[in-house]
Amino acid sequence: MRDDEPRVIKPGFHAEVYAIVREIPFGRVATYGDVASALGAPSVARQVGWALAALREDDVPWHRVVNAQGRISARGDLARATLQRTLLEAEGVVFDALGCIAMSRYRSRPRPRI
DNA sequence: GGTTTGACCATAA
DNA sequence: CTTATGGCCAAAC
């Protein structure tokens, strides 16, 4: 094990986040706020993003999580943003000319975990 | 311990 | 359209 990288020793919050994200159906998306709400804390959207940024597992469909505008939020990481879009399109999710997803169609409300 | 940061959100200008 | 601001809270430093 390497300890030169941030690693989750004792998954607490992130484990919950990952559990929610894993529940998002194929071809559907959820917002950071939706995931946060499913955790019972609508205001922890930032931490959801933080948790996904720290994600190192490959069994979590992180690409199905977008921001409230239906756009990809990868900040400076362009490679990740491109990958996310590619993965979503592979699931049949369509982006418009502005790079937005029609949330009214694809949005999925995660089942509350509380 | 306090401070900073962040894949957010809503609102205002 | 862009930029700014306040709020939120976990993790990293």
Side-chain angles (χ1 to χ4, degrees):
Chain A
M1 298 230 187
R2 296 187 298 176
D3 45 331
D4 59 321
E5 285 183 21
R7 200 161 58 79
V8 179
I9 306 295
K10 189 174 185 182
F13 180 79
H14 357 75
E16 293 294 321
V17 172
Y18 304 156
I20 297 292
V21 175
R22 270 191 271 254
E23 302 269 325
I24 304 174
F26 181 97
R28 308 290 296 283
V29 300
T31 71
Y32 296 93
D34 285 340
V35 177
S37 295
L39 290 170
S43 55
V44 297
R46 298 185 82 161
Q47 283 65 259
V48 172
W50 202 97
L52 292 182
L55 179 63
R56 291 151 89 261
E57 305 173 33
D58 47 357
D59 62 329
V60 179
W62 56 270
H63 56 276
R64 293 179 194 148
V65 183
V66 297
N67 68 20
Q69 301 172 29
R71 312 189 73 185
I72 293 172
S73 297
R75 292 278 176 142
D77 198 336
L78 184 57
R80 192 175 306 193
T82 303
L83 172 61
Q84 182 168 3
R85 175 165 177 159
T86 301
L87 289 170
L88 285 175
E89 289 179 326
E91 296 189 358
V93 176
V94 177
F95 289 76
D96 67 14
L98 299 176
C100 294
I101 295 172
M103 294 305 280
S104 54
R105 261 185 78 164
Y106 300 106
R107 190 176 191 178
S108 169
R109 287 291 197 139
R111 182 168 60 75
R113 277 254 161 190
I114 302 304

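In what follows, every heavy atom counts, from backbone to side chain, and hydrogens, waters and symmetry copies are set aside. Chain letters run A, B, ... following the sequence lines, proteins first, then strands; residues in each count from 1.
- Taking atom CZ of residue A:R56 and atom P of nucleotide B:dA7, one finds them 16 Å apart after rounding to whole Å.
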Checklist entry - Would A:D34 and A:S37 satisfy side chain to side chain donor-acceptor pair (under 3.5 Å), going step by step from the backbone distance to the final call? => result CA-CA 5 Å; A:D34 285 340; A:S37 295; 5.3 Å; no
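- With hydrogens and angles ignored, the 3.5 Å screen pairs a side-chain donor or acceptor of A:R71 with a backbone N or O of A:L98.
- One can place NE2 of A:H14 at 14 Å from C1' of B:dG6, the figure rounded to the nearest angstrom.
- In this structure, A:R28 and A:Y106 approach most closely via the heavy-atom pair NE-O, 3.2 Å.
- If you check C:dA11, B:dA7, B:dC9 against the side chain of A:F13, the one that comes closest is C:dA11.
- In this structure, A:L98 places its CG atom 10 Å from P of C:dT2, rounding to the nearest Å.
- Under the 4.5 Å side-chain criterion, counting only non-hydrogen atoms from C-beta, A:V17 is not in contact with A:Q47.
- Note: OH (A:Y32) to C1' (B:dA10) measures 17 Å, nearest angstrom.
- Closest approach to the A:Q47 side chain among C:dC9, C:dA11, B:dC8 is made by C:dC9 (side chain taken as heavy atoms from C-beta onward).
- Considering CZ of A:R111 and CD1 of A:I24, their distance stands at 13.0 Å, rounded to 0.5 Å.
- Looking only at side-chain heavy atoms (C-beta outward), A:V29 and A:M103 come within less than 4.5 Å of each other.
- Within the nucleic acid shown, A:A53 comes within 4.0 Å of at least one base atom, counting heavy atoms only.
- Phosphate contact (OP1/OP2 of B:dA7, side-chain N/O of A:R71, threshold under 4.0 Å): absent.
- Atom CZ of A:R22 is surrounded by more than 12 heavy atoms from other residues, nucleotides or ligands within 6.0 Å.
- Only A:G33, A:A45, A:R46, listed by number, bring a heavy atom of residues 33-46 of chain A to less than 4.0 angstrom from any atom of DNA chain B.
- Between A:R85 atom CZ and B:dA7 atom C1' there is a gap of 17 Å when expressed in whole angstrom units.
- Regarding contacts with the backbone of B:dA7, every side-chain N or O of A:H63 stays at 4.0 angstrom or more from both OP1 and OP2.
- Comparing C:dC9, B:dA7, C:dA11 by their nearest atom to the side chain of A:W50 picks out C:dA11.
- Between the P atom of B:dC9 and the CZ atom of A:R75 lies a distance of 10 Å, rounded to the nearest Å.
- At whole-Å resolution of the value, CH2 in A:W62 and C1' in B:dG6 are 17 Å apart.
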